[in-house]
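Accompanying notes for the structure given below.
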Number of protein chains: 2
Amino acid sequence: MLNYSATAQTETISLELLAERLKALAEPNRLRIFNLLMDGVQCNCELSEALAMPPNLISHHLSKLRSVGLVDVERDEWDSRWIYYSINRAALEELNAAFGSFFDPNRIQPRRLTCGPQHAICRPE
Amino acid sequence: MLNYSATAQTETISLELLAERLKALAEPNRLRIFNLLMDGVQCNCELSEALAMPPNLISHHLSKLRSVGLVDVERDEWDSRWIYYSINRAALEELNAAFGSFFDPNRIQPRRLTCGPQHAICRPE
DNA sequence: CATACAATTCAACGCGTGTTGAACTATTCA
DNA sequence: TGAATAGTTCAACACGCGTTGAATTGTATG
C-alpha cells in the first residue's frame, strides 16, 4: 500500500489513498489541532481552549482526522466523560514515508521531448 | 519560512502556508498530473491524452498547482502555441522538507496528563 | 431523582471546488 | 485572408466543506 513504484493501476489506487489523507490534513485548523496532538495534548476541552475554537468544531475536525486513521480515540478509565485523542504513530509513519518518496525531488525526470512542433504525437487522431 | 520549531506566531503562519500547498495537492487528478510532470511529461495535450481528461480540466488543475508555486510554465521557443509545464524543484524541496519535519513521528510527545478527572484545568472559568 | 459536565450530533448557512460544454485567444501555416 | 492548432477562459451546475448555534447523548455527582 502507498507504494509509488508499482504498476499504473495500483499507483492510481494509492494516489487516491494519499489524496484522501492529504485532504484531511490540508486545513489550517486541523493542522493546528494535529500539532497540539503531537505535543501530547489530548482532550477536546484543552484543544478548544488552546485554539479558541468551540468544542463542537474541534469535534468535527477530529472526526475528519479519525476517519482517515491518523488519530485514535480513548475514553478515561475512571471517568468516561473524558475522551483522549492521540496520533496513530503507524499511520503517521506510513504517510510520512509515502509523501517523502512520492514528492522526492530526485524523482524529477528531465524534459521528455515527445511533444511540441518537432514531435507532435499528441493529436487526438 | 515553513519552519516548525519557532514561535507560535510564525508557526501559525507557516501552518497556513503548508495547508495551502497541501490543499493544492490533495486531489486525485492533480496528484496524477503531478506524477506525470515528475516523469518529464510537459504539455497539456499529452497530459490530457494520458489521463483521459479534457484539456480545459487539465488547464484548471495546472493553474491550481501553479498558484502555489509548485509548477512552472514555459512556452515553446519556435512555436509559442505549445506550453510546457514542469515541477518547480526548489518549491518541491521546501515542501518535502517541511512536511517531513512537521509530520515526523519522532515529534510525537507522550501523553500530557493535564486534563481528566484528576487534573481538571480545562474549565472555561 | 436532579443537576452538572464532556463531548457529540443536528440543522442551516455561505462559500469554494471539480466537472462539463461552449466560447474565446493567440499563434502557425497554406 | 482563412483554416487549423494548442490552450485558456467563461458560465453553470451539483456537491462537499468549514462554521455557527442549539439540541442531544452519556456519564458522574450530590
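Numbered from 1 within each chain, the chains take letters A, B, ... in sequence-line order. Note that the structure is predicted; figures quoted are calculated from it, not measured.
When rounded to the nearest whole Å, the span between CG of B:Leu62 and P of D:dT9 equals 11 Å. Note: OH (A:Tyr84) to C1' (C:dA6) measures 11 Å, nearest angstrom. Rounded to a whole Å, the CZ atom of B:Arg66 is 13 Å from the P atom of D:dG7. Rounding to whole angstrom units, CD of residue B:Gln42 and P of D:dA6 are separated by 16 Å. We find that CG of A:Asn44 is positioned 13 Å from C1' of C:dC5, with the value rounded to whole Å. Between the CD atom of A:Glu16 and the P atom of C:dG18 there is a distance of 14 Å, given to the nearest Å. Here D:dG18 presents its P atom at 12 Å from CG of A:Leu31, a figure rounded to the nearest Å. Separating the CE atom of A:Met53 from the C1' atom of D:dG18 is a distance of 9 Å, rounded to the nearest angstrom.
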Listed pairs, N/O of protein and of nucleotides 15-17 of chain C, under 3.5 Å:
from: C:dT17; atom 1: OP1; to: B:Lys64; atom 2: NZ; distance (Å): 3.4
from: C:dT17; atom 1: O5'; to: B:Lys64; atom 2: NZ; distance (Å): 3.4

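Residues satisfying the side chain to side chain contact (heavy atoms under 4.5 Å, CB included) criterion with B:Asn88, sequence neighbours excluded, are B:Asp72, B:Ala90, B:Ala91. Not counting sequence neighbours, the partners of A:Glu93 by the side chain to side chain contact (heavy atoms under 4.5 Å, CB included) test are A:Arg89, B:Pro105. Remark: B:Glu20 pairs with no residue by the salt bridge (charged side-chain N to carboxylate O under 4.0 Å, His left out) rule, at least two apart or across chains. Annotation: side chain to side chain contact (heavy atoms under 4.5 Å, CB included) contacts of B:Lys64 (sequence neighbours excluded): B:Arg30, B:His60. In terms of the ring-ring contact (aromatic ring centres under 6.0 Å, His included) criterion, residue partners of B:Phe103 (sequence neighbours excluded) are, by chain and number, A:Phe34, B:Phe99. When the side chain to side chain donor-acceptor pair (under 3.5 Å) test is applied to A:Asn44, no partner is found at least two apart in sequence or on another chain. By the side chain to side chain contact (heavy atoms under 4.5 Å, CB included) test, A:Asp79 is found to be paired with A:Asp76, A:Arg81, A:Trp82, B:Pro117, residues two or more places apart in sequence or in another chain being considered.
Judged by distance alone, the side chains of B:Arg32 and B:Asn35 never bring a donor and an acceptor atom under 3.5 Å apart.
Residue A:His61 places no side-chain N or O under 4.0 Å from the OP1 or OP2 atom of D:dC17.
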What does nucleotides 20-30 of chain C look like as a protein-contact string, B for base, S for sugar-phosphate only, - for none, at under 4.0 angstrom between heavy atoms? BBB----BS--

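Both A:Asn29 and B:Ile58 lie near DNA chain D, and the one whose nearest nucleotide falls closer to the 5' end is B:Ile58.
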Using the side chain to side chain contact (heavy atoms under 4.5 Å, CB included) rule, take B:Leu18 and B:Leu95 through it: C-alpha gap first, then chi angles, then the decisive distance, then the call. CA-CA 8 Å; B:Leu18 180 59; B:Leu95 176 65; 3.8 Å; yes

